[in-house]
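A short worksheet on the structure shown next.
Naming convention: chains lettered A, B, ... in sequence-line order (proteins, then strands); numbering from 1 in each chain. All figures in this text were calculated on a predicted structure; none of them were measured in a lab.
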Protein chains: 2
Amino acid sequence: MHLVRDPDAETALTFLQESLKGLQDGRGQVLQVVGDCRVSYQGRAQSTLLRGERLVLLKPDGTLLIHTSAKAKPINWQPPGAQFHAALEEGEVALTAYRPKPEEMVKIVFHRIDLLLAFPLHDAADLALIGSEDDLQRILFENPDLVEAGFVPQRRERDSKRGFYDLDGRDATGRRLIVEVKRTTAGVQEAQQLWRYVEGLDSARGILIAPSVAPKARALLASHNLSWKELDWNEILPRIEHMRRGGQTGLERYG
Amino acid sequence: MHLVRDPDAETALTFLQESLKGLQDGRGQVLQVVGDCRVSYQGRAQSTLLRGERLVLLKPDGTLLIHTSAKAKPINWQPPGAQFHAALEEGEVALTAYRPKPEEMVKIVFHRIDLLLAFPLHDAADLALIGSEDDLQRILFENPDLVEAGFVPQRRERDSKRGFYDLDGRDATGRRLIVEVKRTTAGVQEAQQLWRYVEGLDSARGILIAPSVAPKARALLASHNLSWKELDWNEILPRIEHMRRGGQTGLERYG
DNA sequence: CGTTAGATGTCGGTT
DNA sequence: AACCGACGTCTAACG
């Protein structure tokens, strides 16, 4: 790990250029700069940010993050794929992150640098996430009564001419039933999506499954004779864990 | 700025607890830990992440970020509002971030700590962004010919029973025209939204304005007699800058 | 508070 | 490469 505190501009430039060389070579170092800077962005939109103290991260995959002392999202950033470049501009250190597609550039000019840091971050682990919409779909497919008594599922994730829908099958009477699944509160958008699927079919029913359904969405569903059902994740999560364990999906106990 | 390299667990714990005290008191220090850790999350969903080297940031507003060496998004996180706590667990440093609403918790257990860092990030600057959908709407309102020759805009951002639409007015023949605006490529969803607005009205036309319109969206628009127009941001951005400058919106030149 | 719609969304999958 | 939809989306605005 390389570390420099309160470097002057020339020292910082040397450090950054050396580190960027290593970063490009795939040695996988993360580069960090803390200091007083101003930022400009031009690309899908454009922005300027006047002087202030920020934390800047450059990842070996070409990700740039500029964080202030608040909020989860960076104030400025560049997604993976950017090329970094450091230079001196009128005595100040200028750091650019250029991304060709879409063409966009973030430029940081440092008025003062408090800290330079370069360190490796080796990580072979994958995130094991439980509770995605896909999980929910799977559980509903395996436990169709959670959708509706007598529901017989047939397919998941079918492409239809009007778009995708999540699940379909036959209800207790043998009538076609389209199921729209949402892992969080369902809004008008999801209700509209279901409506769109169902109206394009002949005499099919539609049902929206979500932990909660927003008032406007309910109104829309009701006015188009669509059903909905709220379910509790607390009822679902154990089933997913059980399924994963049974299926040897390799979710180890965390400890 | 406080900095410790390769601390043992007890040193790290003391550092973290001291720093967290300051962080809670509103002194506004950002706390950073680099090291080998495992992470678990439980809340809106749940996840586990086995050992690996990561960069952990704790912001004074209660934001937690856990970054690996790739991607723009953190592998785990907590949005603003979390309460941090540090403790020893079987000789290892455990850091938790608890958020009451929605109730969720991230727990990090460090097997090894390479770096501890606490530093202030003072920042009074606001991001000046050009190119939002709101900007686009405003420009279309002020330059209605960009929508369609002879268009006379009347209202922006009206709430309708079917949702919101962006702009409406009268076309050259006096017929009502609903305008849907998107700052990026418009897809089926946006076309669908416009269709829903327009079909609920009597003899109104609809037009979708976006930098590009996806094929499926075009098909849907065409089949429902809706119009669309692709516009170039390069044509719009200068107008916005001009408008802002004229309107004294205070977007200074960056330099 | 909850609800809603925008975002430089980011990201992964599929055509 | 473009298109499409999920996301622990996050975030600001509004009722």
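- Using a 4.5 Å cut-off on side-chain heavy atoms (C-beta onward), A:Val39 and A:Thr48 make no contact.
- One C1' atom belongs to D:dC14, the other to C:dT8, and the distance between them is 24 Å to the nearest Å.
- Residue whose closest nucleotide on DNA chain C sits further toward the 5' end, between A:Gln189 and B:Ala70: A:Gln189.
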Pairs under 3.5 Å (N/O, protein and nucleotides 6-8 of chain D):
from, atom 1, to, atom 2, distance (Å)
D:dC7, OP1, A:Glu133, N, 2.7
D:dG8, O3', A:Arg183, NH1, 3.3
D:dG8, O6, B:Asn76, ND2, 2.7
D:dG8, O6, B:Trp77, N, 2.9
D:dG8, O6, B:Trp77, O, 3.3
D:dG8, N1, B:Trp77, O, 2.4
D:dG8, N2, B:Arg44, NH2, 3.2
D:dG8, N2, B:Trp77, O, 3.3
D:dG8, N2, B:Gln78, OE1, 2.6
D:dG8, N2, B:Glu104, OE1, 3.3
D:dG8, N2, B:Glu104, OE2, 3.2
D:dG8, N3, B:Tyr41, OH, 3.1
D:dG8, N3, B:Arg44, NH2, 2.9

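- Under the 6.0 Å distance and 45° angle rule, B:Arg196 counts as a cation-pi partner of A:Trp195.
- For the pair B:Tyr165 OH and C:dG6 P, the interatomic distance rounds to 15 Å; values are reported in whole Å.
- Remark: B:Lys216 is not in phosphate contact with D:dA2, judged by side-chain N or O atoms under 4.0 Å from OP1 or OP2.
- The NZ-P distance, from A:Lys71 to C:dA7, rounds to 17 Å in whole Å.
- For the pair B:Ile236 CD1 and C:dT8 P, the computed distance is 17 Å after rounding to whole Å.
- Side-chain contact check for A:Gln189 and B:Gln189: at least one donor-acceptor pair (N or O, by modelled atom type) lies under 3.5 Å.
- For A:Thr185 and A:Ser212, the side-chain atoms include at least one donor-acceptor pair closer than 3.5 Å.
- Atom pair B:Gln192:CD and D:dC4:P shows a separation of 13 Å (rounding to whole Å applied).
- When heavy atoms are screened at a 4.0 angstrom cut-off, B:Lys182 is found touching no nucleic acid atom at all.
- Side-chain polar atoms of B:Tyr165 and B:Glu180 form no donor-acceptor pair below 3.5 angstrom.
- Contact annotation for A:Pro80: backbone-only contact, meaning every heavy-atom pair under 4.0 Å involves sugar-phosphate atoms and none involves a base.
- The side chain of B:Ala72 lies closest to C:dT10 when the candidates are D:dC4, C:dT10, D:dC3.
- Under the 3.5 Å distance criterion, with hydrogens and angles disregarded, no donor-acceptor pair is assigned to the side chains of A:Asp134 and A:Ser132.
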